[in-house]
Amino acid sequence: MQLLDSLEQGLADLAARGLTRRRRTIDSPCAAHMIVDGRAMIGFASNDYLGLTAHPQLVAAIAEGAQRYGAGSGGSHLLGGHSRAHAQLEDDLAAFAGGFVDAPRALYFSTGYMANLAVLTALAGRGTTLFSDALNHASLIDGARLSRADVQIYPHADVEALSAMLDASDAQAKLIVTDSVFSMDGDIAPLAPLLALAERHGAWLVVDDAHGFGVLGPQGRGAIAQAALRSPHLVSVGTLGKAAGVSGAFVAAHATVIEWLVQRARPYIFTTASAPAVAHAVSASLKIIAGDEGDARRAHLHALIERTRALLKQTCWLPVDSHTAVQPLIIGANDATLDMAAALDREGLWVPAIRPPTVPAGTSRLRISLSAAHSHDDLDRLEAALLRLSKAEAAS
Ligand SMILES: Cc1ncc(COP(=O)(O)O)c(C=O)c1O
């Protein structure tokens, strides 16, 4: 019983600090209007930035992929699980997202978490110093830990501080790693100066473009394309379960980097390949992202982003200066943030409360996540509720 008791104690401790997390059960596709725990709600919680998860062409593609390849891959990529659908998708991804390097190649992973573990453990090790932004995603933090490199955290987006740390380092090998769009703040990393530092110090620059791919840059090619960067030292990780609306992730880089990952990255080698049907659906998604429909969805999303920025500035809480689909509103205390989320929930609006350890203590926030699936009427509902709550807070 003692082992269970200590877990009970841990759970009670989380509850006392307002840190218990709760899963909600959804009975509809991920869309602007969803059935959540049996109730009709407008969702502002997903990363489905282009509103593609329920797109008929993707639903048809996954069914067609299952007909063609079956339900599962049957093995790891190196031992029989690598299908034509995976190979085709990697070619599509290299052509679409690898324009920052001559001889691009891409490698498809089941999740972004695993892609980040793979890149960092394969490119960094003992003798490497890995410089990591203070607000990087948990998967990059875990990858850095697993790599056994010496890890130095630089203050968020602070190029000068990073430059001083690189100057002071005598490591044989260096790697800089950053989110492109920070997942809980929505701001964009200073990629051009980071690449200039990487080039000056002979370091890799690994960019986790989870929240930029599909949304930023020409045709949604991502943050590196938006910043018009080119370098063989760049390694890009994009996820395919967010704007692409399906699941999985990819690493795009020089062909030699990718071959190194195939040979050495344990999170790539020692796991079953995802279902080929999923890869088949991602290829269909890339066509939508790159085409006129993708442009129209991005244009609508950007109109919603600008409207939300203006709305959040009218409240008594602290918006973050974000020009992306992630629009946080910092409330501060855990309980107050939970209360706000509960009040919005009562109005049929699902806006998640984000608390430590996902964000630093004292900066708990509502994370409003916008999607091209939202209409201006949906935003009207959010606007009315937030302004009402803000007025009540100011009067209290
Ligand atoms: C910045 C960032 N990187 C990586 C991931 C992991 O991607 P995935 O959900 O595909 O594992 C996420 C989200 O979950 C993320 O926000």
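The analysis underlying the following values was restricted to heavy atoms, covering all of them including side chains, and did not include hydrogens, waters or symmetry mates. Counting starts at 1 for both ligands and their atoms, in listed order. Predicted, not measured: the structure shown is a model, and the values here were computed from it. Note that the numbering runs from 1 along the sequence shown for the chain.
- Taking H374 as the reference, F44 meet the ring-ring contact (aromatic ring centres under 6.0 Å, His included) condition, with sequence neighbours excluded.
- Grouped by direct or indirect side-chain proximity (heavy atoms under 4.5 Å, Ile/Leu/Val/Met/Phe/Trp/Tyr only), V359 sits with M184, I354.
- Looking only at side-chain heavy atoms (C-beta outward), Y113 and P267 stay at 4.5 Å or farther from each other.
- Closer than 4.0 angstrom to ligand 1 sit non-hydrogen atoms from T111, G112, Y113, N116, H137, S139, D179, S183, D208, A210, H211, T239, K242.
- Looking only at side-chain heavy atoms (C-beta outward), V262 and I269 stay at 4.5 Å or farther from each other.
- Residue pairs that meet the side chain to side chain donor-acceptor pair (under 3.5 Å) test with at least one member in residues 331-342, sequence neighbours left out, are N334-S364.
- Applying side chain to side chain donor-acceptor pair (under 3.5 Å) to E259 and the options R264, R105, H254 leaves one that passes, R105.
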